[in-house]
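Treat the numbers as computed from the prediction; the structure is a model and nothing was measured.
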Amino acid sequence: MASNERLTLLFRALGDPGRYRLVKFLARREQVCVSDVARSLGVSVPVASQQLRVLFVNGLVKRERRGQKAYYGLIRTNATLKALAKMML
């Protein structure tokens, strides 16, 4: 995928205020489960799950399953996202 296309997807995913808040939240943590995201951001678990899914599909977060729970964290090797995360902190 071309660099411009990746940036377009990145900004489209971050263009939603809820997802932007979520990325900011994840920038300060290694990994977090969906229920902790929901509780910390004051949203329902389904809303947190859907927003995380959008970020996952767009290659911004990684997901690890541990039993019944899914844990998410930023993909810190993504250079563009890494630079944005530094600006958000």
Closest heavy-atom contact between [X] and [Y]?
X	Y	result
Ile75	Lys62	CG1-N, 3.6 Å
Val61	Tyr72	CG2-CD2, 3.8 Å
Val34	Ser49	CG1-N, 3.8 Å
Phe25	Val37	CE2-CG2, 3.9 Å
Ala27	Leu74	CA-CD1, 3.5 Å
Ala13	Arg19	O-NE, 2.8 Å

Worksheet item: Going through the checks in order, is the salt bridge (Lys or Arg N to Asp or Glu O under 4.0 Å) test met by Arg66 and Glu64?
Response: CA-CA 7 Å; Arg66 296 182 201 161; Glu64 180 183 330; 3.1 Å; yes

Discussion item. Quick check for you: to the nearest 0.5 Å, what is the distance between Cys33 atom SG and Arg39 atom CZ?
Written reply: 7.0 Å

Worksheet entry | Atom CZ of Arg29: over 12 foreign heavy atoms under 6.0 Å | yes

Worksheet item: Are the side chains of Leu52 and Leu26 in touch, meaning some heavy atoms are under 4.5 Å apart?
Response: yes

Worksheet entry | Expected output: side-chain Asp16 to main-chain Gly18 donor-acceptor under 3.5 Å | yes

Worksheet item: For Leu41, does its backbone N or O pair with a side-chain atom of Arg21 as donor and acceptor, under 3.5 Å?
Response: yes

Worksheet entry | Within one Ile-Leu-Val-Met-Phe-Trp-Tyr cluster: Phe56 and Val23, side-chain cutoff 4.5 Å | yes

Discussion item. Do Leu22 and Phe11 land in one hydrophobic cluster if side-chain heavy atoms of ILVMFWY residues count as linked below 4.5 Å?
Written reply: yes

